Peer 1: 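One structure follows; several queries about it will come next.
Everything quoted here is computed from the prediction, not taken from an experiment. We count residues from 1, following the sequence as given.
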Amino acid sequence: GAVPTLIVKPTSGSQGKGIELVQSADAIKAFSFGAAARYSDRRTGDAGDDLFVCQEYLPQPILLRGLKFDLRVYLLVVASEEMEEPDAF
């Protein structure tokens, strides 16, 4: 079968910076090993965290008015010993 294309991106990035498309576990390893060097702070020498997200690339994503988008959902859970069940907002 076809090899899936994966999108790998640093957690500290934004606006498409540092994104790579890969098709093998070796390419993901190479990305993670090089991430610290690519995104280190040249002033302080701090490599920061080298965490990244890897997910399947969708060649035809759902668009909203011709643009890609993401949904961010926030949930506040309030609980105390006096409450039978927590409230969620």
Peer 1: State the CD1-CD distance between Ile7 and Glu20, to the nearest 0.5 angstrom.
Peer 2: 10.5 Å
Peer 1: Let me check something: do Tyr57 and Ile19 share a hydrophobic cluster, defined by ILVMFWY side-chain heavy atoms less than 4.5 Å apart, either directly or through other members?
Peer 2: yes
Peer 1: What residues join Phe89 in its hydrophobic cluster, counting side-chain heavy atom gaps under 4.5 Å, either direct or through other members?
Peer 2: Leu76, Val78
Peer 1: Quick one: CD on Gln55 to CG on Leu6, what's the gap to the nearest 0.5 Å?
Peer 2: 9.5 Å
Peer 1: How close do Val3 and Gln23 get, counting heavy atoms only, and between which atoms?
Peer 2: CG1-O, 3.2 Å
Peer 1: Taking the side chain as every heavy atom from C-beta outward, state whether Lys68 and Leu63 have any pair of such atoms under 4.5 Å apart.
Peer 2: yes
Peer 1: Could you state the interatomic distance from CD1 (Ile62) to CG (Leu67), rounded to the nearest 0.5 Å?
Peer 2: 14.0 Å
